[in-house]
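Protein chains get the first letters and strands the later ones, always in sequence-line order, with residue 1 at the start of each.
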Amino acid sequence: MNYQTFQPHSDLESLVSCYWTLEIPAEYSSERQRIIPDGCIEMAFILGDDIKRYTSDDEFILQPRAMVLGQTIEPFFIEPTGYVNTFAIRFYPYGFANFVTTPIKDLANKETPIEFLFEKNSAKELEQKIIDAKDSKQRIEIIENFLLEKMNDKATIDTIVKQTLDALLLSKGTESITTILKDDLSKRRQLERNFKKQIGVSPKQLGKVIRLQTALKLLLNKKSDNLTKVAYESEYFDQAHFTKDFKEFTGINPKEFLGNENMALSTLFYK
DNA sequence: ACGGCGCTTGTCGGACCATT
DNA sequence: AATGGTCCGACAAGCGCCGT
């Protein structure tokens with residue numbers, strides 16, 4: 001297995017978290033993988049064999065080979081059908097709205113082929129270029145040119161949305177929306193509307209995702225002492241509330257997660 | 001498009017419980 | 001004593017709708 005991340009061009013670094021590639025030979029390719037919401041929007045190009053995404057226990061779809069995966073607020077499962085080779089762009093929560101006119105909320109909880117988001121020919125052309133490129137370095141160049149060009153006719157992000165988002169990130173998802181708005185309570189309705197449109201989920205939901213991610217990082221990196229401690233450090237009211245949120249976003253409870261889950265991928269992604 | 005009203009729905013603190 | 005969990009009421013967030 002070979003997982004690599006790359007830093008974006010400085011003009012894009014406020015919008016793009018990173019580029020990443022994952023390659024797994026068919027003979028090592030693994031069983032079902034649990035994907036946990038992390039607040040980011042990804043654009044991914046499948047360069048290897050198809051990848052399934054389960055829509056229920058025993059039903060699945062094949063993911064589009066050039067797609068955008070919007071905000072998710074519940075766990076889901078994917079499974080390689082053979083050789084895995086993926087190139088992807090990880091956007092910050094607010095990052096992707098700058099490149100498309102589609103409301104981001106329409107992308108939530110599913111994959112959208114890129115030809116639905118960009119002018120059809122340019123999407124096709126982009127996909128082909130990415131496929132033909134000889135290495136990640138070239139792919140990054142291609143995608144950066146594409147994005148930088150799109151940014152020129154941009155719909156830039158709302159200031160209230162950005163402020164709220166910054167506050168959420170800073171407080172690791174613990175600050176209440178009302179507190180963030182403080183004196184500007186008149187903006188509440190507007191914030192709700194714009195946040196959903198530009199980020200894809202409501203402010204509170206993103207806050208919860210961020211808070212859980214904080215806890216998850218603690219669990220994975222520190223090897224964690226006990227769950228109570230992790231809960232308090234991530235500012236959950238107590239361990240019981242932590243478990244409840246954990247289950248909501250991951251589908252399992254913390255102990256199961258630490259115990260028997262194949263955490264290879266999760267660990268990779270939450271450095 | 002914005003701000004505001006008010007109803008519905010969701011969240012969280014807190015108390016408490018069963019299992020190990 | 002630690003852990004994973006339930007339930008409830010108060011309050012926060014979400015949302016349709018309406019006037020500007």
Side-chain angles (χ1 to χ4, degrees), chain A residues 34 36-39 41 70-76 93-94 97-98 100-110 153-263 266:
Chain A
R34 181 187 302 271
I36 297 163
D38 69 351
I41 294 176
Q71 294 274 13
T72 58
I73 50 163
E74 49 185 36
F76 61 95
Y94 50 88
N98 294 285
V100 287
T101 46
T102 324
I104 302 296
K105 73 164 164 34
D106 295 350
L107 310 178
N109 291 306
K110 63 177 184 205
D153 37 50
K154 66 176 169 185
T156 153
I157 188 135
D158 197 277
T159 44
I160 317 163
V161 172
K162 183 77 169 82
Q163 277 167 19
T164 306
L165 192 75
D166 287 343
L168 281 177
L169 289 169
L170 198 68
S171 67
K172 298 189 163 65
T174 59
E175 204 164 355
S176 85
I177 308 307
T178 315
T179 318
I180 294 170
L181 284 172
K182 286 196 275 280
D183 30 39
D184 247 1
L185 270 178
S186 64
K187 297 274 181 276
R188 196 178 79 117
R189 195 69 189 86
Q190 198 188 341
L191 171 72
E192 277 168 17
R193 282 195 275 246
N194 289 343
F195 206 91
K196 207 155 198 174
K197 195 168 80 193
Q198 298 181 9
I199 312 282
V201 296
S202 73
K204 189 64 193 180
Q205 280 178 318
L206 186 69
K208 284 179 76 178
V209 169
I210 294 172
R211 178 155 63 152
L212 187 81
Q213 283 294 323
T214 309
L216 219 47
K217 279 178 199 154
L218 281 176
L219 273 179
L220 290 171
N221 292 345
K222 284 192 180 171
K223 292 285 166 210
S224 88
D225 315 281
N226 64 55
L227 293 176
T228 314
K229 213 166 172 181
V230 170
Y232 286 134
E233 277 179 36
S234 330
E235 294 198 49
Y236 283 90
F237 182 76
D238 62 13
Q239 178 269 334
H241 289 83
F242 170 53
T243 313
K244 186 171 148 288
D245 268 22
F246 194 95
K247 208 158 182 177
E248 180 182 335
F249 288 120
T250 66
I252 53 178
N253 64 38
K255 200 156 198 180
E256 279 177 86
F257 180 78
L258 286 173
N260 49 35
E261 186 83 0
N262 173 0
M263 290 199 303
S266 318

**Prompt:** Base, sugar-phosphate, or nothing for A/Lys244, non-hydrogen atoms under 4.0 angstrom?
**Reply:** nothing
Whole-Å distance, A/Lys247 NZ to C/dG5 C1', equals 9 Å
Just N and O in the side chain of A/Lys196: are any of them under 4.0 Å from OP1 or OP2 of C/dC15?
yes
Among C/dG5, B/dC12, C/dG14, the one nearest any side-chain atom of A/His241 is B/dC12
Ranking C/dG4, B/dC12, C/dC15 by distance to the side chain of A/Arg211, first place goes to B/dC12
A/Tyr236 atom OH is separated from B/dG14 atom P, nearest whole Å, by 17 Å
Whole-Å distance, A/Phe246 CZ to C/dT3 P, equals 15 Å
Taken to the nearest whole Å, CZ/A/Phe242 to P/B/dT11 is 17 Å
Notebook entry, point to check: Does A/Lys204 make a side-chain N or O approach to OP1 or OP2 of C/dA12 shorter than 4.0 Å?
Noted result: no
Rounded to the nearest 0.5 angstrom, the CD-OG1 distance for A/Gln205 and A/Thr72 is 10.5 Å
Exactly one candidate in A/Asp245, A/Asp238, A/Thr243 meets side-chain hydrogen bond (donor to acceptor under 3.5 Å, both in side chains) with A/His241; the answer is A/Asp238
To the nearest 0.5 Å, atom CG of A/Leu165 lies from atom CD1 of A/Ile199 at 5.0 Å
A/Asp245 atom CG is separated from C/dT6 atom P, nearest whole Å, by 13 Å
A/Asn194 atom CG is separated from B/dG3 atom C1', nearest whole Å, by 13 Å
Review point. Where the side chain of A/Glu175 meets the backbone of A/Leu169, is there a donor-acceptor pair that is under 3.5 Å apart?
Key: no
dist A/Leu168:CG -> A/Lys204:NZ (nearest 0.5 Å) comes out at 8.0 Å
Between CG of A/Asp238 and P of B/dT11 the distance, given in whole Å, is 17 Å
When rounded to whole Å, the CG to P distance for the pair A/Leu191 and C/dA12 reads 16 Å
Practice prompt. May I ask you to verify if any side-chain N or O of A/Ser176 is less than 4.0 angstrom from the OP1 or OP2 atom of C/dA12?
Written response: no
Worksheet item: Can you tell me if the side-chain N/O atoms of A/Arg193 get under 4.0 Å from OP1 or OP2 in C/dG16?
Response: no
- Task: Give a yes/no answer on whether the side chain of A/Lys208 brings an N or O atom under 4.0 Å of OP1 or OP2 in B/dG10.
- Result: no
